[in-house]
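To find a chain, count down the sequence lines: A is the first, B the second, and so on, and within it residues start at 1. On a predicted model such as this, the values are computed, not experimentally measured, just so you know.
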Number of protein chains: 2
Amino acid sequence: MILNMRIAKDDLRAVAVIRETAMGLFAERGAAAVTVREIAAAAGVSPGLVIHHYGSKDGLKDAVEGRAIAFFEEMIGEFARLGEEGGSASLAELFAGRLESEPAMVDYIRRLLVDGGEAASGLFARLLDATEAGMRALAGAGVVRPAPDERIRTAFLLANDLSLVLLRRQITQAVGFDPLTREGLGTWSAAVIDVYTSGIFAFPAAQQVPGEAEPDEQPLKEGHNP
Amino acid sequence: MILNMRIAKDDLRAVAVIRETAMGLFAERGAAAVTVREIAAAAGVSPGLVIHHYGSKDGLKDAVEGRAIAFFEEMIGEFARLGEEGGSASLAELFAGRLESEPAMVDYIRRLLVDGGEAASGLFARLLDATEAGMRALAGAGVVRPAPDERIRTAFLLANDLSLVLLRRQITQAVGFDPLTREGLGTWSAAVIDVYTSGIFAFPAAQQVPGEAEPDEQPLKEGHNP
DNA sequence: ACAGATGTTAAACATTTGTTTATGATACTG
DNA sequence: CAGTATCATAAACAAATGTTTAACATCTGT
């Protein structure tokens with residue numbers, strides 16, 4: 001079989017345009033709220049072509065989801081690799097970097113995480129595994145302080161990173177800049193590093209102070225009388 | 001008008017059962033993916049009754065969303081009030097507390113936050129305002145260390161709290177317990193407090209270390225040669 | 001007990017939605 | 001140029017969905 005087929009470029013062609021368009025609409029409104037006709041219109045093709053290429057709407061959904069998962073897996077791999085090499089990249093930084101080439105991807109991944117597709121459930125776990133390995137390495141190297149429970153602390157740190165993806169819109173609106181751009185990420189990271197370095201309390205020894213609002217507190221290890 | 005109407009109980013009645021059932025299904029799959037017939041079947045009533053009570057599916061959606069927003073607003077109010085009083089409750093703790101009475105609520109609020117309904121967009125902002133006020137009060141009282149940018153740090157802390165709601169399933173699966181239960185929250189909070197108190201680095205002065213993976217890093221204030 | 005709300009249902013309706021089918025255009029090969 | 005495989009469309013279809021309508025039950029107050 002000769003390789004003169006146009007599949008050489010593969011992307012840019014209608015098949016890919018449909019998939020990309022669908023990802024954008026799915027991310028925005030959720031797959032069930034988007035009709036095949038809408039996708040076709042947005043992609044500039046006929047409704048029949050969408051089905052012709054992907055078999056069914058579910059097929060298209062699977063293709064979109066599959067691509068997002070592959071993207072995420074690749075990112076996890078890169079993340080883990082950078083960890084082993086002692087490289088320097090945060091998860092948010094990786095997201096911000098890829099954001100430029102595929103703007104709809106981050107929005108779709110947000111949906112993927114929340115909608116909890118079976119295939120997507122494992123992503124967090126695998127990401128956590130990679131991150132935990134990195135943290136243990138850093139702890140072994142004496143860079144980070146060992147945690148009472150490394151897995152829980154890592155889960156907390158990972159959730160914090162992912163909250164940027166999940167709450168991107170709200171954060172952007174609230175603070176006035178998008179933390180998933182290269183410039184915005186710098187400003188955001190500075191605040192994060194500050195907390196991760198020095199904590200938030202004025203007197204580190206006074207952590208048992210029944211503060212008030214923000215920090216999750218009252219680990220319930222000591223009851224307090226009413 | 002006499003008060004013999006059964007509206008006295010108001011809840012428990014079919015109208016409320018429908019709303020509650022719909023909230024559960026909407027939270028699980030998204031409103032668009034749930035049919036009126038499914039809601040009716042799950043609530044044990046006829047499809048027509050759903051429309052009869054709420055005018056349309058959109059009306060039902062609005063009712064559900066309105067209830068969730070009211071719930072959230074109430075929580076924000078309580079949160080702010082506790083802040084002023086110097087009380088002791090974290091956002092996650094408030095969620096965990098109400099979770100028992102209305103299990104579907106947290107799941108729906110997760111959807112509300114990511115689906116970005118116009119009405120829901122302001123919730124984060126208002127919650128952030130309340131939290132920031134609380135943080136400034138704590139900073140003034142000398143409990144917490146002042147931040148370089150109080151709003152950004154507060155947004156970070158708030159996002160961390162909300163990530164518990166957003167990633168509840170994934171976290172539960174990954175660490176083996178639900179952090180939004182009273183016991184789970186204690187374990188989780190201990191890890192959070194630990195980071196907020198002592199940070200994650202072994203040598204707080206060595207924050208410029210080009211660590212590796214987890215912590216967002218490289219604030220870009222200093223370029224690094226390639 | 002009777003009139004009238006009120007709560008509820010089953011069946012019918014119009015529209016939308018995913019999908020199919022038959023047909024046409026376009027480009028590459030022999 | 002003819003043949004053919006690929007790409008694409010328009011119109012038709014069947015199922016599903018939101019909604020309406022008319023009738024039925026159940027309680028309420030007089």
Separation of D:dG18 atom P from B:Lys61 atom NZ, nearest Å, is 12 Å
Ignoring backbone atoms, establish whether B:His53 has a side-chain N or O less than 4.0 Å from OP1 or OP2 of C:dT8. yes
Do B:Tyr108 and B:Asp115 meet the criterion of a side-chain donor-acceptor pair at a distance under 3.5 Å? no
From C-beta outward on A:Ile51, which listed nucleotide comes closest to its side chain: D:dT9, C:dT8, C:dT20? C:dT20
Using atom NE2 of A:His52 as one end and atom P of C:dA22 as the other, report the distance to the nearest whole Å. 14 Å
Among A:Glu132, A:Glu73, A:Glu74, which residue satisfies the salt bridge (Lys or Arg N to Asp or Glu O under 4.0 Å) criterion with A:Arg126? A:Glu73
Between CG of B:Asp58 and P of C:dT16 the distance, given in whole Å, is 14 Å
Euclidean distance, atom NZ of residue B:Lys57 to atom C1' of C:dT16 [Å, nearest integer]: 12 Å
Salt bridge or not between A:Glu38 and A:Arg29? Use side-chain N to carboxylate O under 4.0 Å. yes
Taking for each residue the nucleotide of DNA chain D with the nearest heavy atom, is it B:Glu38 or A:Leu49 whose nucleotide lies nearer the 5' end? A:Leu49
Out of C:dT9, C:dT17, D:dG18, which has the shortest distance to the side chain of B:Val45? C:dT9
Taking the minimum atom-to-atom distance to the side chain of A:Thr35, which one of D:dT19, C:dT17, C:dT19 wins? C:dT17
Would you please classify the geometry between the B:Phe95 ring and the B:Phe71 ring as parallel, tilted or perpendicular, with 30° and 60° separating the classes? tilted
Determine the contact category for A:Val34: base if any of its heavy atoms lies under 4.0 Å from a base atom, sugar-phosphate if only primed atoms, P, OP1 or OP2 are that close, otherwise nothing. sugar-phosphate
Side-chain atoms of B:Arg37 come closest, of C:dT8, D:dT9, D:dG18, to D:dG18
Of all the nucleotides listed (C:dT9, D:dT9, C:dG18), which has the minimum atom distance to the side chain of B:Ser46? C:dT9
